[in-house]
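Quick notes on the structure that follows.
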2 protein chains.
Amino acid sequence: MDAIDRSLVRLLDQDARRTYNELGKEVRLSANTVADRVRRLRATGVIRGFRAELDPGALGRGLTMVSDVRLREDVDRTRFERELHQVPQIVSGARMTGEYDYQLRLACVDPEEFETVVDRLKREHGVRELRSRLVLHDLEVSTTGLLDLA
Amino acid sequence: MDAIDRSLVRLLDQDARRTYNELGKEVRLSANTVADRVRRLRATGVIRGFRAELDPGALGRGLTMVSDVRLREDVDRTRFERELHQVPQIVSGARMTGEYDYQLRLACVDPEEFETVVDRLKREHGVRELRSRLVLHDLEVSTTGLLDLA
DNA sequence: AATGAAAGCACACTGGT
DNA sequence: ACCAGTGTGCTTTCATT
């Protein structure tokens with residue numbers, strides 16, 4: 001994980017479809033050396049994968065909510081986590097310390113849809129309490145800043 | 001945005017570096033046509049970009065915190081949002097409704113580093129109050145579930 | 001770890017249905 | 001909206017340092 005690797009990660013974070021050749025020009029290395037390095041970055045887990053970033057807004061889902069969630073005492077966390085795949089409005093989630101058990105992020109078309117998701121979570125998936133707020137906008141922050149410290 | 005486009009988005013969400021040829025085989029279309037469709041999906045904003053996904057843990061940052069933040073009355077939000085790029089531990093953030101103004105996600109190597117970030121946010125960037133909790137683990141949820149509804 | 005050569009593919013165009 | 005052909009450029013493997 002030297003300075004060149006950091007450059008490569010930064011470049012691939014901006015555009016994951018850049019060719020090895022193109023990357024090679026930027027870092028002044030041959031394409032196949034770059035390919036080797038990128039493979040190594042994947043193998044060591046620094047790069048988890050290359051993914052398309054979607055815009056929920058362009059899919060008609062302009063309302064995103066963040067909900068802290070507390071489960072009923074009797075529900076199994078593993079099962080809860082598995083079941084969340086069944087709720088397509090959930091775009092991310094994490095188990096947390098503190099007052100609540102989980103925090104979920106939901107992309108909805110309108111308040112009415114959010115309401116049905118809330119009801120569903122309570123009725124079908126064992127959530128006892130739910131504290132939600134609206135996301136006004138996301139900040140443009142890159143996870144690539146971490147490389148400045150490594 | 002038909003069923004084929006949805007398949008393409010799903011495939012690119014799994015691996016953004018798949019070739020048009022490969023994608024074409026999956027959806028039974030020529031590479032050419034696939035390239036056209038993908039270009040259109042980018043142009044219409046459904047696909048915002050192709051990014052490398054990093055693992056903070058593999059970079060030595062195994063402690064991730066979520067902090068709700070309230071700003072002092074006198075600080076300009078635009079300036080605050082711009083300044084956050086200067087804090088590399090911040091990996092995402094959003095302005096929110098409710099009790100707090102922003103929610104930030106921070107990737108740190110240990111509690112001590114988190115402490116210095118907290119102090120910095122208060123001293124240099126106008127945060128008045130801060131309520132934090134630890135992320136135990138992230139859920140494996142794909143934003144691609146949204147396509148099931150579109 | 002990095003390089004160059006060469007074979008095999010993928011990509012962007014153009015043009016055509 | 002889709003496909004085929006073409007020229008160019010990319011990726012990969014292997015041998016070499």
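Just so you know, these numbers come straight off a predicted model, no measurement behind them. Any value given below was found using the heavy atoms of this structure, including those in side chains, with hydrogens, waters and symmetry copies removed. Note on naming: letters A, B, ... go to the chains in the order of the sequence lines (proteins, then strands), and numbering restarts at 1 for each one.
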In whole angstroms, how far is the [atom2] atom of [N] from the [atom1] atom of [X]?
X     : N      : atom1 : atom2 : answer
A:N21 : D:dT8  : CG    : C1'   : 12 Å
B:R18 : C:dC9  : CZ    : C1'   : 18 Å
A:E22 : C:dC11 : CD    : C1'   : 13 Å
A:R39 : D:dT12 : CZ    : P     : 6 Å
B:I4  : D:dA1  : CD1   : P     : 11 Å
A:D2  : C:dA1  : CG    : P     : 10 Å
B:L23 : C:dA10 : CG    : P     : 11 Å

Side chain of [X] (C-beta onward), nearest among [options]:
X     : options               : value
B:Y20 : D:dC10, C:dC11, C:dT3 : C:dC11
A:T33 : D:dC2, C:dT3, C:dA1   : C:dT3
B:S30 : D:dA1, C:dA2, D:dC3   : D:dC3
B:A35 : D:dA1, C:dT3, C:dA12  : C:dA12

Subject >> First encountered from the 5' end of DNA chain D, between B:D36 and A:K25 >> reply: B:D36
Original post:
With a non-hydrogen cut-off below 4.0 angstrom, is A:T19 in contact with a base, only sugar-phosphate, or nothing?
Top reply: sugar-phosphate
Original post:
Same cluster for B:L63 and B:V91 if Ile/Leu/Val/Met/Phe/Trp/Tyr side chains link at under 4.5 Å?
Top reply: no
Original post:
Is the Lys NZ or Arg CZ of A:R120 less than 6.0 Å from the centre of A:F114's six-membered ring, within 45° of the axis?
Top reply: no
Subject >> Minimum heavy-atom distance A:Q89-B:L146, with the two atoms named >> reply: CA-CD2, 4.2 Å
**OP:** Search all heavy atoms of A:R61 against all heavy atoms of A:V109 and return the closest pair with its distance.
**Re:** NH2-CG1, 3.3 Å
Original post:
With a 3.5 Å cut-off and just heavy-atom distances, do the side chain of B:N32 and the base of C:dC13 make a donor-acceptor pair?
Top reply: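 Result: at least one qualifying N/O pair found.
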Original post:
Under 30°, 30 to 60°, or over 60°: which ring-plane class applies to A:Y102 and B:H137, parallel, tilted or perpendicular?
Top reply: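 The arrangement is perpendicular - the two ring planes meet at more than 60°.
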